[in-house]
Amino acid sequence: MTAQNEAAQAPDLLYSEAEEDLRSAVRSLLADRADAPTVIAGIESDTPHDLRLWESLAAGIGAAGLLVPEKLGGQGATHREAAVVMEELGRSAAPAPYLTSAVVATEILLALAADGGPAAGLLGELAAGSRIAVLALPFATPPADGAAAMTGTLERTVTGVAEAAAADVLLVPTAEGLYAVETGADGVAVQPLVPLDLTRPLATVTLTGPTGTLLAEAGPAAAAVSKGLLAGAGLLASEQLGLAEWCLTETVRYTRERHQFNRPVGSFQSLKHRMAQLWLEVVSARAAARNAADALATNSPDAPLAVAVAQAYCSKVAVHAAEECVQLHGGIGMTWEHPAHLYLKRAKADSIAYGTAGRHRETVAGLVELPAP
Amino acid sequence: MSTDIDAAQIRRRTQELLAAHPPATTDRTDFLKARFDAGLAWVHYPAGLGGLDAPRSLQPVVDAELAAAGAPDNDPRRIGIGLGMAAPTVLEYGTEEQKQRFLRPLWVGEEVWCQLFSEPGAGSDLAALGTRAVRDGEDWVVDGQKVWTSSAHVARWAILIARTDPDVPKHRGISYFICDMTDPGVDVRPLRQITGEAEFNEVFLTGVRIPDNRRLGPVGAGWKVAQTTLMNERVSIGGARIPREGGMIGTVAKTWREQPGLRTHDLHQRLLTLWVEAEVARLTGERLRQQLVAGQPGPEGSGMKLAFARLNQEISGLEVELLGDEGLLYGDWTMRRPDLVDFTGRDAGYRYLRSKGNSIEGGTSEVLLNIVAERVLGLPAEPRNDKDVAWKDLAR
Ligand SMILES: Cc1cc2nc3c(=O)[nH]c(=O)nc-3n(C[C@H](O)[C@H](O)[C@H](O)COP(=O)(O)OP(=O)(O)OC[C@H]3O[C@@H](n4cnc5c(N)ncnc54)[C@H](O)[C@@H]3O)c2cc1C
């Protein structure tokens with residue numbers, strides 16, 4: 001094997017210049033419009049989603065259409081760029097239906113839009129950021145359960161649907177196929193729940209036989225839903241990375257400044273070692289998350305394993321980072337005013353979203369032939 | 001300073017080397033010497049010293065070409081201390097004469113090196129060392145004891161730090177030497193270790209005369225010179241790319257697949273967790289490699305040793321349990337003096353015991369965590385009470 005084709009096969013784990021440019025644009029928008037006090041004020045209001053922020057992110061920066069080819073109305077970028085947006089959203093804990101609409105729903109529609117039709121039309125609207133669609137399955141559904149979700153009819157109740165309250169359209173899997181159902185249609189009720197993570201609202205969706213548009217028959221729809229969940233789980237790892245990085249950076253900053261016993265608390269070795277350990281985890285999470293994003297972007301046969309590895313690893317890192325952040329901030333870390341709790345709640349919820357680490361380890365076991373007893 | 005040499009030129013030079021010295025018909029050492037003389041040993045080294053002043057990122061191009069042609073390599077495991085630590089230090093601080101004398105035989109593997117740093121009273125606190133070097137005419141006379149010296153029994157040369165001035169604070173009174181291990185007064189005694197083998201040694205130095213022209217760097221600047229050595233020791237991650245399941249995890253995974261009777265649910269969960277962590281560590285190493293190639297070295301290197309030490313220990317611990325009855329046995333306790341560490345060629349008990357050294361050798365994990373916290377994260381240093389005290393007045 002020559003050096004070139006070996007390099008061609010290796011995943012690209014770095015960031016390109018274009019990705020770094022996108023990152024700065026997203027980061028400065030979020031710094032401006034989604035700083036911690038704004039996010040905290042927002043989650044207590046009736047409309048946790050700041051639609052002006054969504055407009056700037058989705059349409060202004062064009063983030064909503066990154067996964068969508070230009071001829072279908074998008075930016076023609078890849079999961080690598082979308083992953084960078086996810087990192088920044090994790091870093092700011094901003095409430096924006098990016099993962100659910102611009103990643104999962106978009107990926108599902110992409111798989112179905114080849115021949116035009118209603119999927120392609122809706123895809124263009126999502127890419128433009130003018131409409132928001134979410135998959136009507138519990139947020140905890142792992143990619144492995146995607147195909148099994150194709151059951152029942154448009155008569156059903158689904159609990160724990162992420163961002164349903166912000167959605168214009170629900171993608172509903174049934175035994176017949178995948179339907180697009182307008183949230184405003186007759187026979188659709190979206191009842192907000194009280195979520196652990198207030199920055200990503202959940203709702204119970206009750207369907208009492210609404211009319212919907214059939215996007216695809218059960219067979220292709222099952223594959224598309226699985227693909228959407230796989231992309232969701234894979235890019236969630238980047239959100240977890242950004243979140244963990246924020247927690248570490250803030251904790252280092254705070255413990256350098258906070259003095260007790262006549263010295264910065266960050267100079268105590270028991271704390272330094274914990275932060276150094278976290279740093280190592282964050283560095284490793286970055287490699288795992290980039291690997292998943294690259295595998296999705298290149299449609300690699302390795303993508304299911306890359307995603308399962310990233311989820312099994314990054315979930316734990318994000319929760320660990322957020323828990324350390326609260327603890328090492330002491331009393332301040334327990335206050336509502338300090339943003340640490342936003343990250344802890346997001347991290348813990350994320351560890352269940354699209355499958356727990358344990359579910360993803362089971363997937364790994366199957367893929368690499370390490371069967372249970 | 002690097003020249004504007006590019007990948008295509010490097011590849012052409014490599015092809016010329018292969019054409020002039022076909023690996024199939026050339027003696028191993030002759031090939032390695034020719035490779036050194038062609039500047040393809042470590043391309044970022046100066047011309048005439050095994051390199052071409054080329055960007056370091058071009059080394060993988062050479063390595064890939066040579067590997068594809070089946071060329072012999074210089075077995076970096078066997079000569080790790082020379083390659084990884086002595087060479088960069090000689091390059092940075094050596095005189096022209098020292099560089100010419102030492103680098104080629106070192107790289108080719110004709111001369112093995114060891115590291116005479118640690119002492120019974122100075123390990124993590126290396127700067128506290130007490131081995132004395134006293135000036136006598138053109139020579140230095142060295143007396144003291146070193147310990148845990150890997151490969152001292154096969155080494156021709158050693159990098160040595162010794163105290164040349166006990167009246168100043170500890171970091172300031174040290175000088176750095178190249179010690180000839182065949183000189184009178186150098187006494188190497190095997191030190192049997194936890195595995196039963198004697199991979200490292202005690203080294204007693206009694207009236208050893210080292211000519212002043214084998215000093216590296218100025219008198220009293222030995223600590224600064226040693227920093228170069230230690231920094232290179234920690235950045236142990238090389239250009240080599242490991243495949244999935246390439247490390248110790250591969251051995252356990254194989255046992256798991258081949259012996260279904262050994263499987264339990266508890267071990268399954270632990271195995272999967274470690275499999276994922278090993279895969280992530282592999283990817284982290286791969287990312288670091290890509291950063292180096294792209295000319296953006298990150299601080300990740302200092303973390304990799306920590307990760308591998310813990311993983312090796314946990315995986316080998318799990319493996320012994322998985323083996324059950326067989327895990328109760330040990331291959332061979334006969335004292336041997338190996339000249340390299342071979343994890344995969346040995347049994348699980350050996351791996352378990354030997355990997356305990358991974359978090360001690362080359363700086364303990366605790367000390368590495370301090371380094372990451374202070375140098376990477378910028379956390380404040382702990383207060384110190386040894387900085388301004390003369391070495392001779394320190395508590396011992
Ligand atoms: C297999 C093996 C091969 C080796 N090969 C060589 C060799 O070739 N040449 C050579 O010179 N040396 C060699 N060493 C020695 C090695 O570098 C030292 O053992 C190591 O630096 C630790 O020093 P120590 O053993 O004196 O432990 P100590 O420094 O006494 O440490 C004891 C314990 O205290 C902890 N500790 C110490 N200081 C701190 C601190 N500031 N903060 C927190 N915890 C701390 C340590 O982590 C350790 O757990 C080798 C060691 C091993 C195990």
Could you tell me the separation between the [atom1] atom of [X] and the [atom2] atom of [Y], rounded to the nearest 0.5 Å?
X        : Y        : atom1 : atom2 : value
B/Leu379 : A/Phe268 : CG    : CZ    : 12.5 Å
B/Thr284 : A/Leu13  : OG1   : CG    : 9.0 Å
B/His268 : A/Arg361 : NE2   : CZ    : 10.5 Å
A/Ser284 : B/Met304 : OG    : CE    : 7.0 Å

Nearest heavy-atom neighbours spanning [X] and [Y]:
X        : Y        : result
B/Asn370 : A/His273 : OD1-NE2, 2.6 Å
A/Ala288 : B/Leu283 : CA-CD1, 4.3 Å
B/Val276 : A/Val364 : CG2-CG2, 4.2 Å

Open item on the list: Quick check on the interface: out of B/Arg263, B/Arg287, B/Gln291, who has the most heavy-atom pairs with chain A under 4.5 Å?
Closed with: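 Answer, by heavy-atom pair count under 4.5 Å with chain A: B/Arg287.
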Task: Which atoms of A/Leu14 approach chain B - backbone, side chain, both or neither, heavy atom under 4.5 Å - done: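 Looking at A/Leu14, backbone and side chain both touch chain B.
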Open item on the list: So for B/Arg282, is it side chain, backbone, both, or neither that comes closer than 4.5 Å to the heavy atoms of chain A?
Closed with: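 Neither the backbone nor the side chain of B/Arg282 comes within 4.5 Å of chain A.
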TODO: State, yes or no, whether a side-chain contact exists between B/Thr273 and A/Lys316 at a heavy-atom distance under 4.5 Å.
DONE: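 Side chain of B/Thr273 against side chain of A/Lys316, heavy atoms only: contact under 4.5 Å found.
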Open item on the list: Counting C-beta onward and ignoring hydrogens, is there a side-chain heavy-atom pair between A/Arg263 and B/Pro380 closer than 4.5 Å?
Closed with: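 When only atoms from C-beta onward are counted, B/Pro380 and A/Arg263 do not touch, as no gap falls below 4.5 Å.
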- [ ] Verify, without hydrogens or angle tests, whether B/Gln290 (side chain) and A/Pro11 (backbone) share a donor-acceptor contact under 3.5 angstrom.
- [x]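 It does hold such a pair.
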Task: Check: B/Glu300 main-chain N/O paired with A/Trp279 side-chain donor or acceptor under 3.5 Å - done: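 No; judged by distance alone, with no hydrogens or angles, the pair does not exist.
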